[in-house]
Structures are given as C-alpha cells and as structure tokens.
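The structure appears below as structure tokens.
Model, not experiment: these values are computed from the prediction. Basis for what follows: all heavy atoms, side chains included, without hydrogens, waters or symmetry-related copies.
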Amino acid sequence: MEIKGILFDKDGTLIDFHKVWVPAATRVAERRCGEYNVPDKREEVLLKMGVSGNLVDPEGALACKSYGEIAEDLSGVLEKRDEGLAADLERLFYEEVGEKLTHYPTFTNVKRLLQTLKAMEIRVGIATSDGWESTRSCLTSLRVLGEFSFFGVTGVNLPEKPDGRLIGTAAGQWEISPEEIAVVGDTPNDMRFAKNGRALGIAVRSGVGTESSLAPLADYLIDSVADLPALVRSVNNEEKKNVEYRIEACV
C-alpha cells in the first residue's frame with residue numbers, strides 16, 4: 001500500500017521531549033506536592049510519571065498516557081482521591097508549557113517538512129495524548145497549525161491512542177484506507193497504536209524510545225522526521241514498481 005496519510009505523534013517526534021516535558025514535569029510535581037503539602041513525595045511523583053532525572057521511561061505515564069491515566073497513577077502516591085486531578089494536571093502542564101514556551105525545540109524545519117509532504121499529496125494529522133489547548137499552542141508557535149487536517153487529541157470525544165479506531169476515524173475523514181496511513185512516533189505505544197489500526201509504523205530515534213524497544217514493533221526506523229520524505233518516496237516508489245510488476249505478470 002502507498003502512504004497517502006501520516007499521523008504524527010507530537011512530543012519526541014516533532015518537538016524535543018526531553019527539553020520540553022522533563023523540566024515541565026519537574027515543576028508540575030513540585031507545584032502539585034506543594035499544594036497537597038507533601039513536598040517530600042516529589043521524586044516519587046516523578047517516578048510514577050516515568051521520569052528519573054533526565055531519563056524518561058518510554059512505557060511510562062508521561063511518555064504515553066493521557067492526563068486522566070496519569071491522575072489515576074498519582075492518586076495512590078498522593079494518598080488523595082482528587083476527582084479534579086486530571087483537569088488540574090492538564091492545567092498545570094499547560095501553564096508550564098503552553099503559556100510559558102515561546103520556542104519549541106524541533107529536529108527539523110517542521111513547516112518545510114509538512115509542506116514537502118503535502119506537495120507529495122500526503123495528508124497530515126496529529127495523534128497525541130496531549131490535550132487540545134496545549135497542542136494548539138505548540139503548533140501555533142511552530143506556525144504549522146493550518147498544515148494539519150486531522151487532530152487526534154485527548155478530551156474531544158475521539159478514541160485515544162493506542163486505540164486503533166482513531167486511525168479509522170482519520171482514514172474516513174481523508175477517504176483513504178487505514179493501511180494507507182503511516183503513524184510516525186517515538187514510543188512503543190505509538191507503534192502498537194499503528195498495529196491496532198492496521199497502519200504502517202514508522203519509529204523515530206529522536207524521542208524517548210530506545211532502538212531495542214522500537215525495532216520489534218516498527219515497520220521502519222529512522223533517526224528523526226527529517227528523514228521522513230525520503231522514506232515515503234522510497235516506500236511509495238517501491239509500491240508503484242510492485243503494482244506495475246503485478247500488472248505485467250497478469251498480461
């Protein structure tokens with residue numbers, strides 16, 4: 001199948017996860033523990049998020065879970081069932097990232113990348129565990145919000161990663177098949193998401209996932225999204241050759 005649509009993960013794929021989210025997680029943990037008057041539990045909260053120093057667990061909460069799921073993980077550590085914890089976490093992370101950051105570190109010129117793909121007649125969308133406001137803020141700062149035609153974010157009554165139905169929703173909107181979509185991401189969860197939705201999985205080494213954790217699940221492994229146009233051309237050209245060969249063989 002040719003690649004006709006791409007769903008990008010955001011953090012670790014389009015922007016540098018470690019430079020953005022690790023400092024933010026540290027500040028959120030400090031603020032939340034301060035509000036609960038349990039400052040001694042800051043490190044425990046970070047570990048529950050999957051953060052240890054500057055190391056991020058590719059299967060950890062911060063790398064691949066929604067705010068609701070992170071809240072469930074943290075409620076036991078904080079020993080307080082807070083029904084508003086998920087919303088509070090989303091607010092805190094937005095304040096630390098969406099409101100404070102004016103520059104997002106990236107791995108390539110994202111606008112040029114997306115325009116290159118669109119010139120190749122590739123549809124592009126976002127599939128992230130982050131919420132809409134934070135996603136909108138990031139893409140607006142990168143000046144690429146209008147380049148995307150599909151937004152799979154949390155909290156908008158859509159299936160959430162790794163639910164493969166989200167890929168089906170994008171495929172329906174784009175009027176292509178799920179097999180014609182590639183998921184580009186940096187975590188094993190992204191690659192499971194691709195398989196769940198019958199899409200192609202393209203893993204990038206630029207984020208939190210390690211080669212050993214990504215390689216068994218990915219169809220392709222590249223250094224960063226800077227390498228994506230060349231890979232898409234290669235895949236699509238090979239598919240065209242295969243189709244031509246099958247036609248010739250039937251004649």
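Nearest heavy atom pair, residue Ser206 against residue Gly12, reads OG-O, 2.9 Å. The shortest heavy-atom contact between Ser52 and Leu47 is CB-CD2, 3.9 Å. Closest heavy-atom contact between Gly207 and Asp186: CA-OD2, 3.3 Å. Closest approach of Ala24 and Glu96 over heavy atoms only: CB-CB, 4.2 Å. Closest of all the heavy-atom pairs between Thr154 and Ser66 is CG2-CB, 4.0 Å. Looking at every heavy atom in both residues, Pro58 comes nearest to Ala63 through O-CB, 3.8 Å.
Residues Glu238 and Ser234 are not in side-chain contact: their nearest non-hydrogen atoms beyond the backbone lie 4.5 Å or more apart. Inter-residue side-chain proximity for Ser141 and Thr102 is flagged as unmet; no heavy-atom pair is nearer than 4.5 Å. When side chains are defined from C-beta on, Glu160 does not count as touching Leu166, because their heavy atoms never get closer than 4.5 Å. Looking at Val208 and Asp57, their side chains never come closer than 4.5 Å, going by heavy atoms from C-beta outward.
Ser134 and Ser137 form no side-chain donor-acceptor contact under 3.5 Å, judged by distance and modelled atom types alone.
Between the Ser213 side chain and the Thr210 main chain, a donor and an acceptor come within less than 3.5 Å of each other. A distance-only check finds a donor-acceptor pair linking the side chain of Asp16 to the backbone of Lys19 [under 3.5 Å]. Formation of a donor-acceptor pair under 3.5 Å by the Lys4 side chain with backbone atoms of Ile181 is not found in this model. Side-chain atoms of Glu180 come within 3.5 Å of backbone atoms of Ser177 as a donor-acceptor pair (strictly under, hydrogens ignored). Put simply, the side chain of Asp9 never gets that close to the backbone of Thr128: no donor and acceptor are under 3.5 Å apart. A distance-only check finds a donor-acceptor pair linking the side chain of Gln173 to the backbone of Ser149 [under 3.5 Å]. With Asp88 contributing its side chain and Gly84 its backbone, the two residues share no donor-acceptor pair below 3.5 Å. Counting only distance, with no hydrogens or angles, the side chain of Thr116 and the backbone of Arg112 share a donor-acceptor pair below 3.5 Å.
Applying the salt bridge (Lys or Arg N to Asp or Glu O under 4.0 Å) test to pairs two or more places apart or on separate chains, those with a residue in residues 137-153 are Lys111-Glu147, Lys118-Glu147. Among residue pairs with one or both ends in residues 217-226, those qualifying as side-chain hydrogen bond (donor to acceptor under 3.5 Å, both in side chains) are Arg205-Asp223; sequence neighbours excluded. Note on residues 187-199: pairs passing side-chain hydrogen bond (donor to acceptor under 3.5 Å, both in side chains), not counting sequence neighbours, are Glu59-Arg192, Lys161-Asp190, Glu179-Arg198, Thr187-Asp190.
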| Test log, rule side chain to side chain contact (heavy atoms under 4.5 Å, CB included), inputs Ile126 and Phe150 | CA-CA 6 Å; Ile126 282 283; Phe150 181 83; over 6 Å; no
| task | Using the side chain to side chain contact (heavy atoms under 4.5 Å, CB included) rule, take Val235 and Leu231 through it: C-alpha gap first, then chi angles, then the decisive distance, then the call. | result | CA-CA 6 Å; Val235 171; Leu231 175 61; 3.9 Å; yes
| Given Glu35 and Arg32, is the salt bridge (charged side-chain N to carboxylate O under 4.0 Å, His left out) satisfied, shown in steps? | CA-CA 5 Å; Glu35 290 170 3; Arg32 204 62 180 114; 2.8 Å; yes
| field | Met49 vs Asp73, side chain to side chain contact (heavy atoms under 4.5 Å, CB included): CA-CA, chis, key distance, verdict | value | CA-CA 8 Å; Met49 288 186 187; Asp73 291 343; over 6 Å; no
| task | Please test Ile202 against Ile222 for side chain to side chain contact (heavy atoms under 4.5 Å, CB included), starting from the C-alpha separation and ending with a verdict. | result | CA-CA 7 Å; Ile202 301 176; Ile222 58 178; 3.9 Å; yes
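One finds the NZ atom of Lys10 at 7.0 Å from the CG atom of Leu139 (value rounded to the nearest 0.5 Å). Here the CG-OG distance, from Asp11 to Ser129, works out to 9.0 Å after rounding to the nearest 0.5 Å. Residue Asn236 holds its CG atom at 12.0 Å from CE of Met1, rounded to the nearest 0.5 Å. Taking CD of Glu2 as the reference point, atom CE of Met120 lies at 10.0 Å (rounded to 0.5 Å). Interatomic distance, CD1 of Ile3 versus CG of Leu228, reported as 7.0 Å (0.5 Å rounding).
Residues passing the side-chain contact (heavy atoms from CB on, under 4.5 Å) test with Ala29 are Arg42, Val45, Leu46, sequence neighbours excluded. Applying the ring-ring contact (aromatic ring centres under 6.0 Å, His included) rule to Phe93 yields the partners Trp21, Tyr67; only residues at least two apart in sequence or on another chain are considered. Phe8 is linked by a ring-ring contact (aromatic ring centres under 6.0 Å, His included) to nothing, counting only residues two or more places apart in sequence or in another chain.
Hydrophobic clustering places Leu145 together with Leu14 (ILVMFWY residues linked when any side-chain heavy atoms are closer than 4.5 Å, directly or through intermediates). Side-chain heavy atoms closer than 4.5 Å link hydrophobic residues (I, L, V, M, F, W, Y) into clusters, and following such links, possibly through other members, connects Ile122 to Phe151. Residue Tyr94 is not grouped with residue Val156 when hydrophobic side chains (ILVMFWY) are merged at heavy-atom distances under 4.5 angstrom, including chains of intermediate members. A continuous path of ILVMFWY side-chain contacts below 4.5 Å connects Ile6 to Val204, so both sit in one hydrophobic cluster. A continuous path of hydrophobic side-chain contacts links Leu142 to Trp132 [ILVMFWY only; heavy atoms under 4.5 Å].
Counting heavy-atom neighbours within 6.0 Å of Lys48 NZ, excluding the residue itself, gives a total of 12 or less.
For Arg91 and Glu95, the salt-bridge test passes: some basic side-chain N is under 4.0 Å from an acidic carboxylate O. Using a 4.0 Å cut-off between charged side-chain N and carboxylate O, Glu133 and Arg136 make a salt bridge.
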